[in-house]
Amino acid sequence: METIRTLILITGWPILIGGSIFLVYRSLKFYRDVGKIIWGKVVLLMVVGWLVSMYSLGITATAYMFDNVRNGVIVVLPIFFVWFITMVTITWAVLRWSKEAVTLSAFYRGLEELVKVRTQELKKAFEVQIEREKEIRRLQEQFVFIAAHELRTPVTAIEWGIRTMLEDEEFRKSLPEDYLRLLENLQEKNENLINLVADLLNVARLRNKHLPPEMEKVSLKEVLNEIKETVNTEAQKMKVRISWSALDRELPLVKAHTISLKEILTNLIVNAIRYNKPEGWVIVDAFSGPSGLTMEVKDGGIGMDDKEMEKLFGEFYRIKNDQTRNIEGTGLGLFICKELLERMQGKIWVNSSKGEGTTFSFSLPTYES
Amino acid sequence: MNPNNKKTVFLLEDDESFAIVFARWLKERGYEVKLARSEEEARKHLQKIEPPSLFWFDYYLGEQKTVEELLKMLHENERFKSIPIIIVSITVDMQKLGELKKYGNIEVFSKLLTNREEILQAVDRMTGNRN
């Protein structure tokens, strides 16, 4: 009995201590390898729990053995077996799962790295795409700009050349009548060409959705004052009276693109003048409402029927009848007005009665709406 | 100024039609005109001639070149820096052209939107010519 007790005491404690050190070392290594995942924490807790319980049992058993050797051996031996089995099991589990957990952890880390790399690649591809879009936009802007310049230069040169010649009295007197008439005719045709080029360039810009207008705070009254002179000249030629009622009103600022708004108003008012009766009238008015500002260009001109109104805002559409045959135009003006207004979050509509006149109205958002 | 007491306008215009028209306008208005058809030609002339009363430049000089380099050169040259400049252009980016004012007393006109009298009045005003 003494021998057994001694054997247990001199082997049991070294095995327990040695096993504990090995277990603690492997568990810490395991925790480090596995990282912050929950499994590492569970294993460490298991090991700590085992250490506490085994050392408690060991101390109790040792004390028991010194008190009553025979009973002590009977109690300690099974405890010793339990120690041994649990120590081997836990060591095996830690070693075995440690390998798998490390592999899994390495796999997850590999996945994380892969995700990072793929995200970077996507980001780069996205940036390349953005740059490409910017380049396309730049080329489109450049094309429209070059087209504008290259188309406008010759027609403007022709316009100024012919006008300069026709303004020279001596030169006019020196020309045969038919050549003079020819020059005047060429000048008219060239003016139509200038208008057509301007309209086509506008349409090209509108079609290019990459060129949105820059919206500003615009005073409608200021815009009307700027176009008044040009429009009045046309009105005087056609002997049409224009009332600028909008200029007498208090109007809020609108969200618009100034140049586009000038173009819309000039188009609508010049149309009202051209499609008018001799000694006719045009009223330019405006009023604000809950949905924004509404502008009206009203005339007592030749008017149109419902069928003609339906197609009015289409490209190249012109009303063709005896009254309109001699009225110049490209058929793009109202199409351009509609497109420009829609891009400014506005809208345009028309009311008309054949022989009695037409009212074009358009609305724009204000800074209050 | 030249011996006839006529004021001189230095005209740089690469388009022949515009060159003929503008030169004619200016001569009829009583100005002497020195014409250059390209920036290179303009630089050569400027080395030899007396400073004019006014520069009249087309903004675009062909092959997407602009007159900006020449403006910079004139602004840095003591002989020319105080001479007023008129720039006439088909396509007018007002913001861009507004930036050109750093090169001196410059006024900008659109070939599409301006008329003859308007530009000639500006020439008279900028040269101090009474017409």
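No experiment lies behind these values; they were computed from the predicted model shown. Quick note: numbers below take in every heavy atom, side chains included, and nothing from hydrogens, waters or symmetry partners. Sequence lines set the chain letters: A, B, ... in the order given, protein chains first and strands last, and positions in each chain run from 1.
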Can you confirm whether [X] is buried at [atom1], in the sense that more than 12 heavy atoms of other residues, nucleotides or ligands lie under 6.0 Å from that atom?
{"X": "A/E135", "atom1": "CD", "value": "yes"}
{"X": "B/E16", "atom1": "CD", "value": "no"}
{"X": "A/R132", "atom1": "CZ", "value": "no"}
{"X": "A/I259", "atom1": "CD1", "value": "no"}
{"X": "B/E28", "atom1": "CD", "value": "yes"}

Rounded to the nearest 0.5 Å, the CZ atom of A/R152 sits from the OG atom of B/S89 at a distance of 10.5 Å
Interatomic distance, OG1@A/T164 vs CZ@B/R24, rounded to 0.5 Å, equals 8.5 Å
Scanning both residues in full, the closest heavy-atom pair of A/W160 with B/I119 reads CH2-CD1, 4.0 Å
Correct closest heavy-atom pair for B/V21 and A/G161 would be CG2-CA, 3.6 Å
Checking heavy-atom separations under 4.5 Å from chain B, one finds in residues 165-175 of chain A A/E167, A/D168
- Query: Heavy-atom distance under 4.5 Å between the side chains of B/F18 and A/T153, does that happen here?
  - Reply: yes
